[in-house]
Amino acid sequence: MARLLPLLVIAVWIFIWYRNRKGASTRPRRTATAAAPARLSKEAAALGLLPQDRQDTKRLLHDPQIDGAREAAERGAWEPAAEAMTAIGKDWERRTALVISLARAAADEDAWLTAWEAARPGDPGAAAVRARSTVFLAWQLRGARTADRTSAEQFEGFHRVLLRAREDIARAIELAPEDPSPHVSDLWAGLGLGYPHAYVHELWAEITDRAPHHYEAHYSALQYWCEKWHGSAELARDFADKAASGAPAGTLLPALRLVAHFEHLDRPFNGKHYRTPEAMAMVDALLADLPAVRPDHPRLPEARHLLAFFLVKQKRHAEALEQFRLVDGCVGSLPWSYFEDPAEKYCDYRERAVQGAR
């Protein structure tokens, strides 16, 4: 598949996308109605749960391998990142998670990545990180506001850097043809450049040829198919259902149904949306998948956060509390990241589970 489309075609995509100004870099922030300040009750404290001010809203989980590489990079050392990349090898799920973590650091300061590239020209790990970091940089230039609150200058920089990212992505693919992570980066470039459906179908075939049940890739594609971007509620839910239905145990792909459901609710606090037979079945299917999921799966904590949220809505408080206890301390995850104060929202729902389970 040709990785660099003609610039004229891309320019047309950008014009159409900019004219329509569809989508946003994140879902509009939601605020609770009449939510009381989240406090640590004596019951929660007795369970060893952490107060709101000790919840890390930037991190999804503590992973010594990935965290160690990123922290070293933030100190300016690239060698631990290269070593971690080698150690992970063809574990595509964890390799993509490492690429994403390192790329976030490089989007803020890339001197260490430049040193890595200079020391090891043609290193596929460095190329994959460079590709994703350029995508992250583009989104930083755009900002997190909705399209109608984003300036023409921000859009211009956003699109210009995304076009540059496509060149970095093509190079990363050339250096490591088996690695799906550059293709996943291309999905996020396509979110901003407005890739047509036909191209995304072709891109998706490239990804699934390499890693048919790659959760990070599926989550990224699901975002493209959401109504807020280039699809619809029907397309997103259909994509999630097909992925979950055809997946072997332990892939976490049943979580996609919960993501698609949550993404398309206009009133996310209305409990009736979570207590339908369909929603109950989604939760049960993901609960059934968890025992087969590898403990070091980088997106397992997010699945647990989603379950905790849905289970509270379904008034299954004891089951929700079990999930909260397994993820407490790191709340940089759906659904909390879509709210103004993720830690407060998390602790509010956690307290409902604590009290409801008594």
Side-chain angles (χ1 to χ4, degrees), residues 1 5 9-10 13-14 16-18 20-28 30 92-93 96 100 132 135 138-139 142 144 146-147 158-159 162 165-166 169 180-247 251-266 268 273 278-279 281-282 285-286 289 299 302-303 306 310 333-335 337-338:
M1 179 177 67
L5 299 179
V9 175
I10 294 176
W13 293 349
I14 293 173
I16 294 171
W17 187 86
Y18 179 75
N20 294 335
R21 303 188 73 136
K22 181 182 179 182
S25 62
T26 61
R27 191 181 182 89
R30 295 152 165 170
W92 301 132
E93 200 76 65
T96 303
I100 290 171
R132 189 59 181 263
V135 174
W139 286 98
R142 184 202 183 281
T146 53
F158 177 53
H159 293 133
L162 281 181
R166 299 199 80 246
I169 290 166
S181 65
H183 299 274
V184 177
S185 298
D186 203 11
L187 284 171
W188 287 95
L191 217 64
L193 290 173
Y195 289 172
H197 289 187
Y199 181 77
V200 172
H201 284 306
E202 188 179 354
L203 174 57
W204 189 242
E206 296 278 356
I207 292 171
T208 53
D209 281 348
R210 290 162 174 79
H213 306 297
H214 193 295
Y215 183 86
E216 186 67 42
H218 279 81
Y219 175 83
S220 303
L222 177 59
Q223 291 298 311
Y224 175 90
W225 293 115
C226 281
E227 183 177 14
K228 65 181 180 180
W229 285 110
H230 307 292
S232 65
E234 181 180 4
L235 286 171
R237 288 171 176 150
D238 182 61
F239 176 83
D241 191 57
K242 287 180 179 177
S245 298
T251 61
L252 275 187
L253 292 183
L256 296 174
R257 292 185 176 121
L258 276 65
V259 176
H261 188 77
F262 179 78
E263 288 280 9
H264 294 93
L265 292 179
D266 291 330
H273 296 308
E278 180 186 24
M282 291 177 193
L286 180 53
D289 193 53
R299 296 299 286 269
E302 183 163 81
L306 281 164
F310 273 69
S333 167
L334 285 175
S337 57
Y338 278 8

- Spatial distance of atom SG (Cys226) from atom CZ (Phe262) [nearest 0.5 Å]: 11.0 Å
- Item | Counterpart residues, side chain to side chain donor-acceptor pair (under 3.5 Å), relative to Ser185 (two or more places apart) | none
- Note on the structure: Taken in chain and number order and not counting sequence neighbours, the residues that satisfy side-chain contact (heavy atoms from CB on, under 4.5 Å) with Ala217 are Val184, Trp204, Ile207, His214
- Item | Distance (rounded to the nearest 0.5 Å) between Thr208 OG1 and His183 NE2 | 10.5 Å
- Query: Which residues pass the side chain to side chain donor-acceptor pair (under 3.5 Å) test with Thr251, sequence neighbours left out?
  - Reply: none
- Task: Please assess Leu286 against Phe310 for the test side-chain contact (heavy atoms from CB on, under 4.5 Å), listing each intermediate value before the final yes or no.
- Result: CA-CA 11 Å; Leu286 180 53; Phe310 273 69; over 6 Å; no
- Message: Let me confirm one number: the CG-CG distance from Leu256 to Leu222, rounded to the nearest 0.5 Å.
- Response: 6.0 Å
- Message: Using only atom types and a distance under 3.5 Å, with no angle test, would you say the side chain of His264 pairs donor to acceptor with the backbone of Glu227?
- Response: yes
- Measuring from Ser333:OG to Leu306:CG, what's the distance to the nearest 0.5 Å? 6.0 Å
- Message: Just to verify, what does Asp241 make a side-chain contact (heavy atoms from CB on, under 4.5 Å) with, not counting sequence neighbours?
- Response: Ser245, Arg257
- ring-ring contact (aromatic ring centres under 6.0 Å, His included) with Tyr224: which residues, sequence neighbours excluded? His197, His230
- Message: Using only atom types and a distance under 3.5 Å, with no angle test, would you say the side chain of Arg210 pairs donor to acceptor with the backbone of Glu206?
- Response: yes
- Shortest non-hydrogen separation from His261 to Ala279 and the atoms involved: NE2-CB, 4.4 Å
- Task: Taking all non-hydrogen atoms of both residues into account, name the closest pair between Phe158 and Gly192 and its distance.
- Result: CZ-CA, 3.6 Å
- Task: With the side chain counted from C-beta on, respond yes when Val200 and Trp225 share a heavy-atom pair under 4.5 Å apart, and no when they do not.
- Result: yes
- For the pair Tyr215 and Tyr219, name the ring-plane relationship: parallel under 30°, tilted 30 to 60°, perpendicular over 60°. parallel
- Any residue meeting ring-ring contact (aromatic ring centres under 6.0 Å, His included) with Trp92, in chain and number order, not counting sequence neighbours: none
- Item | Residues forming a side chain to side chain donor-acceptor pair (under 3.5 Å) with Arg299, sequence neighbours excluded | Glu216, Glu302
- Considering residues at least two apart in sequence or located in another chain, which fulfil the side chain to side chain donor-acceptor pair (under 3.5 Å) criterion with Ser220? Trp188
